[in-house]
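Okay, structure first, notes after.
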Amino acid sequence: MAIALAVVLSLQTVAADAILEGERYHPVEATNGMVATSHTLATRLALEVLENGGNAMDAAVTAGFALAVTQPRSGNIGGGGFMLYAPGNGEAVEAIDYREKAPAAATERMFQDDDGNVVPNRSRFTHKAAGVPGTVAGFAMALERHGTLPLKQALAPAIKLAREGFVVPGRFTEGLEQARDRLQRWPASLATFYKDDGSPWQPGERFRQPELADTLQRIADQGIDGFYSGKTAQLIVEEMERHDGLITLDDLKNYQPQIRQPVHGNYRGHDIYSMSPPSSGGTHIVQILNILEGYPLADFGHNSAAGIHYMAEAMKLAYADRAEFLGDTDFVEVPLKGLTSKAYGEALRKTIDPDKARPSSEIRAGNPGAYESPETTHFSIVDRWGNAVSNTYTINFSYGSGITVTGAGFLLNNEMDDFSAKPGEPNAYGLIGGEANRVEPGKRMLSSMSPTIVRRNGRNYLVTGSPGGSRIITTTLQVVLNVIDHNMNIQSAVSVPRIHHQWLPDEIRIEQGVSPDTVRLLEEKGHKVVTGSAMGAIQSILIDSDGTLYGGADPRRSTSSAMGY
Ligand code: DON
């Protein structure tokens with residue numbers, strides 16, 4: 001169960017827009033600050049920062065580094081991500097892109113054999129799978145621009161957790177059991193994450209990471225140079241040289257995060273801000289919302305056959321465009337204006353048949369990846385001034401490449417798999433990519449991560465985002481729809497069953513909880529419906545018009561928690 005704690009509850013105030021009484025799911029309620037992350041320890045530490053007068057960015061960077069310790073399968077310093085910052089005073093929303101980059105020695109065909117066939121595991125479980133990490137530079141930049149704490153202080157709780165250890169929850173042990181083969185191939189991963197006898201740390205036991213503590217301490221002492229040059233950089237490069245990897249000292253020294261303009265759209269009077277390329281997330285959330293705006297979704301009802309049909313048809317169209325057009329805008333032109341325009345949404349809407357599913361398989365055959373335990377992590381934070389941070393970061397798969405940098409105690413990402421290894425070939429999430437997302441030196445691989453902030457009447461209203469690979473876009477979309485169209489409180493919006501379509505494979509994937517007669521009606525329209533495991537872990541905050549904060553942690557992750565004060 002998700003832990004839902006409110007340090008201070010003010011039950012007297014039933015805010016105007018909050019639907020609370022008579023509901024099955026209740027958000028955490030508070031007035032001064034709210035944190036929702038996928039790990040209770042990170043939530044608590046970030047909340048402490050807010051309580052001590054820090055702002056949302058101070059809390060965000062503290063949480064980000066803490067998650068790198070407590071949730072090594074996705075919290076990271078060896079990966080990258082995206083952050084949206086929306087000031088409480090209504091000033092412009094800013095996006096910070098700290099996505100990994102391809103090393104300078106990367107080549108278009110590096111994941112193909114001599115005959116031009118893709119060698120899938122090369123982009124997933126080798127040293128070549130790792131992009132140049134961006135997290136440390138991204139957090140440092142975010143803190144410098146919008147925080148008040150020195151980097152050292154934001155790192156201090158993470159260093160303490162790494163050095164003194166923390167008591168592991170059941171989910172931690174389960175994760176290490178599942179990833180045993182992948183991690184234990186590498187002596188440094190075995191030594192870092194397992195006991196001397198090779199077994200994982202058990203729930204209730206204290207897990208310490210002394211090498212990671214030293215690495216974090218070097219960052220605290222030297223700033224980003226403590227990661228991108230000096231001993232840590234040396235350890236990364238030695239790791240690469242031992243195993244035919246590509247990342248060099250120059251790649252590390254040259255890594256720079258970027259400030260980007262977020263994608264902006266408008267949906268039923270709300271301003272939607274989400275991540276721009278090199279993520280595809282914001283573009284397609286806005287595109288799908290533009291298509292759906294023409295349908296009375298509220299009248300159809302949540303997860304009705306009609307509602308799911310239109311969502312699935314819109315999702316298919318967006319994911320087909322994703323495969324064709326999306327890539328790193330520092331390298332390729334992406335027709336962003338067109339993709340996110342109302343007119344294009346309208347044109348696409350006209351192609352949707354109300355009664356029949358349009359088969360996508362005739363456009364291009366998909367080959368969904370069999371890999372099914374992906375992991376990324378999102379957190380949302382709002383402070384007493386109404387400033388909001390929405391952050392999603394990842395090392396791609398659960399535990400990334402499985403490769404720990406020997407001597408440095410952290411896992412390397414396998415984000416290079418998010419490039420298209422060959423045009424038309426699916427990646428681990430079954431996503432097809434084209435020329436726009438081919439591997440090029442220094443380029444950022446396409447992402448689906450979609451940290452999102454919705455404003456209403458110019459004020460921050462909804463702060464949200466999720467892990468889930470290709471499903472991130474549709475997960476985030478549905479929370480926006482659940483709040484705006486279906487009028488749900490934030491905990492309901494986060495908890496109710498979700499659906500997903502990504503064009504290829506041509507199927508609607510649903511979570512348990514969608515009724516069998518809805519499924520039958522969808523099948524009658526020609527949809528293939530597949531019930532799968534839970535999708536995403538969306539950590540969200542809603543700010544009511546009277547300023548009350550509501551936190552909704554996703555129960556799909558047992559360690560998720562929202563806390564406010
Ligand atoms: O950037 C992306 O879209 C993927 N690397 C994200 C991976 C992911 O979300 C795995 N999580 N559950």
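Counting starts at 1 for both ligands and their atoms, following the listed order.
Residue-level proximity to ligand 1 for D418 is carried by the side chain, the only part with a heavy atom below 4.0 angstrom. Contacts with ligand 1 closer than 4.0 Å are made by side-chain heavy atoms of I472 only, the backbone lying farther away. The side chain of E415, and not its backbone, has at least one atom closer than 4.0 Å to an atom of ligand 1 (non-hydrogen atoms only; side chain from C-beta on). The residue F397 has no part lying near ligand 1, judged by heavy-atom distances below 4.0 Å.
In terms of modelled atom types and a separation under 3.5 Å, the side chain of S420 and the main chain of N437 share a donor-acceptor contact. With hydrogens and angles ignored, the 3.5 Å screen pairs a side-chain donor or acceptor of S123 with a backbone N or O of P120.
Close to ligand 1: R99, with a non-hydrogen atom less than 4.0 angstrom away.
Proximity to S448 (heavy-atom distance under 4.0 Å) selects the following atoms of ligand 1: 1 (O), 2 (C), 3 (O). Taking every non-hydrogen atom of M449 and a distance limit under 4.0 Å, the qualifying atoms of ligand 1 come out as 1 (O), 3 (O). Of all atoms in ligand 1, numbered sequentially from 1 with element shown, those under 4.0 Å from a heavy atom of Y429 are 7 (C), 8 (C), 10 (C). Remark: ligand 1 atoms within the under-4.0 Å shell around heavy atoms of G469 are 7 (C), 8 (C), 9 (O), 10 (C), 11 (N), 12 (N).
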Next item on the list: Begin from the C-alpha positions of F419 and F111 and carry the test ring pair (Phe, Tyr, Trp, His ring centres under 6.0 Å) through to its verdict.
Entry: CA-CA 10 Å; F419 278 118; F111 299 121; 8.0 Å; no
Next item on the list: Go through the steps to decide whether Q539 and S380 satisfy the test side chain to side chain donor-acceptor pair (under 3.5 Å), and finish with yes or no.
Entry: CA-CA 6 Å; Q539 316 299 350; S380 297; over 6 Å; no
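Ring pair F139/Y393 is tilted by interplanar angle, where 30° to 60° counts as tilted.
Aromatic ring centroids of F410 and F227 lie under 6.0 Å apart. Aromatic ring centres of H500 and Y319 lie closer together than 6.0 Å.
Between G468 and ligand 1, at least one pair of N/O atoms sits closer than 3.5 Å. Residue T376 has at least one N or O atom closer than 3.5 Å to an N or O atom of ligand 1.
Using a cutoff of 4.0 Å between basic side-chain nitrogens and carboxylate oxygens, R171 and E174 are not scored as salt-bridged.
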